Amino acid sequence: QQSQDLLRAAEQARGEAEQAAIKCQLAVEDAAKAWAEAQRSEQELQDTKRVLEEERRELQDLRARSASADADVQQSQDLLRAAEQARGEAEQAAIKCQLAVEDAAKAWAEAQRSEQELQDTKRVLEEERRELQDLRARSASADADVQQSQDLL
């Protein structure tokens, strides 16, 4: 009975190890997705900064050319508002990028933890298998001793 219990426990541990491996794979995939999102956000931030810089240069040029006309002043104000909005969007993109990087780091840490848990589970499973084999050998020896004692009686 004890051997069967140990066998069932070993099988359960193997199942848990397989589940841990699946969780680890999913965590690694999540980390890869988070990293890709962080890269995309970083590219979006750089593009937005470039657009912002281009808009700022354009705004300066428009201010220089439209200093004497009310219509040009209004146009410059509109461009300034657009540039400020772009700067706000760039700042938001930077925040999103930082969050994506943090999420990727968390996902990576979770993947590492899952991998360690899997390795620990595999080690425990192997130890339990060795113990089970040892118990089986002892049981067989004890059965032989009992049989020999009964034969002698």
Side-chain angles (χ1 to χ4, degrees), residues 1-140:
Q1 176 61 39
Q2 186 178 11
S3 296
Q4 290 175 347
D5 290 347
L6 288 172
L7 181 58
R8 278 193 293 276
E11 287 299 322
Q12 182 180 355
R14 190 182 100 228
E16 290 172 0
E18 290 171 352
Q19 288 178 352
I22 291 169
K23 286 181 183 178
C24 177
Q25 179 62 34
L26 292 175
V28 167
E29 290 172 4
D30 288 347
K33 288 177 186 174
W35 179 253
E37 177 62 24
Q39 294 294 349
R40 190 198 60 72
S41 295
E42 178 62 24
Q43 183 61 48
E44 182 179 332
L45 173 62
Q46 294 305 320
D47 292 345
T48 303
K49 285 182 177 180
R50 187 178 64 253
V51 168
L52 176 61
E53 189 58 34
E54 290 170 3
E55 288 182 1
R56 284 182 176 165
R57 284 193 296 273
E58 182 180 352
L59 179 60
Q60 289 174 349
D61 182 55
L62 287 172
R63 282 180 177 162
R65 289 186 284 136
S66 66
S68 64
D70 289 342
D72 291 342
V73 167
Q74 183 61 45
Q75 185 180 11
S76 294
Q77 289 173 346
D78 293 344
L79 288 171
L80 177 60
R81 279 191 294 277
E84 288 300 320
Q85 181 180 354
R87 189 183 98 223
E89 291 171 359
E91 290 171 352
Q92 288 178 352
I95 291 169
K96 286 180 183 178
C97 178
Q98 179 62 34
L99 292 174
V101 167
E102 290 171 6
D103 287 346
K106 288 176 186 175
W108 178 253
E110 176 62 21
Q112 293 298 314
R113 188 199 62 71
S114 292
E115 178 62 25
Q116 184 59 49
E117 183 179 331
L118 173 62
Q119 294 305 320
D120 292 345
T121 302
K122 284 182 178 179
R123 188 177 58 253
V124 168
L125 177 60
E126 186 58 35
E127 289 170 2
E128 288 180 358
R129 283 182 178 163
R130 283 193 298 271
E131 184 178 342
L132 180 59
Q133 287 175 348
D134 183 52
L135 288 173
R136 284 178 179 158
R138 283 193 224 161
S139 176

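It should be emphasised that the depicted structure is a prediction, and the values quoted were computed from it without experimental measurement.
Distance NZ/K106 to CG/D30: 13.5 Å, rounded to 0.5 Å. With rounding to the nearest 0.5 angstrom, the OG1 atom of T121 is 10.5 Å from the CD atom of Q19. Note that the OG atom of S3 and the CD atom of Q133 stand 11.5 Å from one another [nearest 0.5 Å].
In this view, E131 satisfies the salt bridge (Lys or Arg N to Asp or Glu O under 4.0 Å) rule with no residue, not counting sequence neighbours. The side chain to side chain contact (heavy atoms under 4.5 Å, CB included) test applied to I22 returns L26, not counting sequence neighbours. For R130, there are no side chain to side chain donor-acceptor pair (under 3.5 Å) partners at least two apart in sequence or on another chain. Evaluation of the side chain to side chain donor-acceptor pair (under 3.5 Å) rule for D134 yields R138 as partners, not counting sequence neighbours.
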Listing, residues 83-91 side-chain donor-acceptor contacts under 3.5 Å, not counting sequence neighbours, or none:
unit_1	atom_1	unit_2	atom_2	d
E84	OE1	R87	NH1	2.6
Q85	NE2	E89	OE2	3.1
R87	NE	E91	OE2	3.2

Could you pull out all donor-acceptor pairs under 3.5 Å where a side-chain atom in residues 107-117 meets a protein atom, sequence neighbours excluded?
unit_1	atom_1	unit_2	atom_2	d
E110	OE1	R113	NE	3.2
E110	OE2	R113	NH2	2.6
E110	OE2	S114	OG	3.4
R113	NH1	E117	OE1	2.6
S114	OG	E110	O	3.0
E115	OE2	Q119	NE2	2.7
Q116	NE2	D120	OD1	2.8

Could you walk me through whether R136 and L7 pass side-chain contact (heavy atoms from CB on, under 4.5 Å), step by step? CA-CA 11 Å; R136 284 178 179 158; L7 181 58; 3.8 Å; yes
